*Asks:* 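A single structure is presented below for examination.
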Amino acid sequence: MPPAESEQAPDHTGEPVREPALDPTLSVGELCDRVEGAVEQAFPDEVWVRGAISSLTRSASGHVYFDLVEPSDEMGVSTGATLPVALFASTRTLVNRILRKAGGMRMHDGIEIRIRGRVTYYPPQGRVQLIMSLIDPQFTLGQMAAARTTLLEKLAANGLLERNRELAIPDLPLRVALITSEGSAAFTDFVHEIESSGHPFRIILLDSRVQGPEAVESLADAVVATGRLDVDVVVIVRGGGSRGDLVAFDHERVAGAVARCRHPVV
């Protein structure tokens with residue numbers, strides 16, 4: 001539709017003069033103010049929201065930033081919906097205290113969390129975001145336990161749960177395929193024990209990530225690669241960690257690779 005017109009006094013021909021009505025153009029700042037007001041009105045109080053962590057970064061100033069994504073049926077895989085989250089240093093201390101009481105769980109890419117925060121609009125970047133204030137660690141632990149149970153049932157149904165365990169390990173497995181992060185404390189400790197044993201062990205290292213977003217693919221590929229090696233046993237090693245840190249080891253791809261490995265896996 002054409003813009004509304006206002007009728008003015010007639011000109012010298014006797015015809016009325018029509019002028020366009022004033023165009024209600026907003027400045028960027030005015031529009032941002034309206035959006036900010038609408039967000040505050042829609043979310044006057046803090047809300048709880050759940051999703052999977054993606055693209056987590058920690059700044060030098062102590063702030064934590066990540067995207068909370070809508071996960072698919074496979075834990076940690078996004079289905080498209082994304083919400084930016086900011087955890088400021090002043091609140092991070094409280095969140096870390098809560099996580100320590102829950103067993104030392106850490107936030108990292110791929111795990112599902114339930115958090116509380118204030119929905120805000122941030123004009124400098126033109127985005128809606130959540131300012132995080134609390135976390136519910138029991139939600140994450142429950143999600144991980146449920147996913148692990150489902151995986152065990154699936155492996156059992158496919159005849160894979162006990163498959164690798166049925167492979168015999170020699171009394172002295174001297175040829176060892178070692179899957180771990182090269183240079184880590186776990187790597188150093190394992191190699192030290194092997195070398196101090198007095199037996200002529202031969203170690204073939206397959207460097208792998210054992211934590212974080214690349215761990216699942218890295219671990220599974222390393223296990224598959226051992227199928228081309230002439231070894232007695234495959235050993236997967238990592239240091240300590242919370243249950244959240246170990247989530248990659250409960251992934252279906254890693255479990256499937258271990259179950260189908262032609263060598264016994266420890």
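Being a predicted model, the structure only gives us computed values, none of them experimental. Throughout, numbering of the chain's residues begins at 1 and tracks the sequence.
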*Asks:* Short question: side chain of D232, backbone of I169 - any donor-acceptor pair under 3.5 Å?
*Replies:* no
*Asks:* Between the side chain of D136 and the main-chain N/O of R114, is any donor-acceptor distance below 3.5 Å?
*Replies:*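 No, the answer is negative, given that no donor and acceptor are paired below the 3.5 Å cut-off.
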*Asks:* Given T180 and V235, is the side-chain contact (heavy atoms from CB on, under 4.5 Å) satisfied, shown in steps?
*Replies:* CA-CA 8 Å; T180 193; V235 180; over 6 Å; no
*Asks:* Should V95 and V64 count as side-chain neighbours, where that means a heavy-atom distance under 4.5 Å?
*Replies:*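 In short, these two side chains do not touch, never coming nearer than 4.5 Å.
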*Asks:* Please identify which of these residues, Q138, R148, E112, meets the side-chain hydrogen bond (donor to acceptor under 3.5 Å, both in side chains) condition with Q143.
*Replies:* E112
*Asks:* Quick check: does any side chain N or O of S133 sit under 3.5 Å from a backbone N or O of R116, one acting as donor and the other as acceptor?
*Replies:*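 Checked: pair present.
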*Asks:* Under the ring-ring contact (aromatic ring centres under 6.0 Å, His included) test, which residues partner H108, sequence neighbours left out?
*Replies:*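 Here no residue qualifies.
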*Asks:* Please check if the side chain of R92 supplies one atom and the backbone of G62 the other of a donor-acceptor pair under 3.5 Å.
*Replies:* yes
*Asks:* Could you check whether any side-chain N or O of S196 sits under 3.5 Å from a backbone N or O of E193, counting only pairs where one atom can act as donor and the other as acceptor?
*Replies:*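 Yes: the side chain of S196 pairs with the backbone of E193.
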*Asks:* Check whether H199 reaches the backbone of F201 with its side chain - one donor and one acceptor, N or O, closer than 3.5 Å.
*Replies:*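 Flag not set: sc H199 to bb F201 has no pair under 3.5 Å.
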*Asks:* Only counting residues at least two apart or in another chain, list the ones meeting salt bridge (charged side-chain N to carboxylate O under 4.0 Å, His left out) with E166.
*Replies:*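 So E166 forms no salt bridge (charged side-chain N to carboxylate O under 4.0 Å, His left out) with any residue.
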*Asks:* Check whether any side-chain heavy atom of E30 sits under 4.5 Å from a side-chain heavy atom of R34, and report yes or no.
*Replies:*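 No, their side chains stay 4.5 Å or more apart.
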*Asks:* Give a yes or no answer on whether the side chain of D67 reaches the backbone of S54 with a donor-acceptor pair at less than 3.5 Å.
*Replies:*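 Flag not set: sc D67 to bb S54 has no pair under 3.5 Å.
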*Asks:* Taking all non-hydrogen atoms of both residues into account, name the closest pair between R118 and E46 and its distance.
*Replies:*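 Heavy atoms only, the tightest pair is N-CG, 4.1 Å.
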*Asks:* Can you find a heavy atom in the side chain of V210 that is under 4.5 Å from one in the side chain of F249?
*Replies:* yes
*Asks:* Please lay out, stage by stage, how R209 and D221 fare under the test salt bridge (Lys or Arg N to Asp or Glu O under 4.0 Å).
*Replies:* CA-CA 11 Å; R209 305 284 72 75; D221 288 348; over 6 Å; no
*Asks:* Is the shortest heavy-atom distance from the side chain of Y121 to the side chain of C32 under 4.5 Å?
*Replies:*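 Result yes, sub-4.5 Å side-chain heavy-atom pair found.
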*Asks:* Let me see the working for M132 and T91 under side-chain contact (heavy atoms from CB on, under 4.5 Å), right down to the final yes or no.
*Replies:* CA-CA 8 Å; M132 180 177 167; T91 310; over 6 Å; no
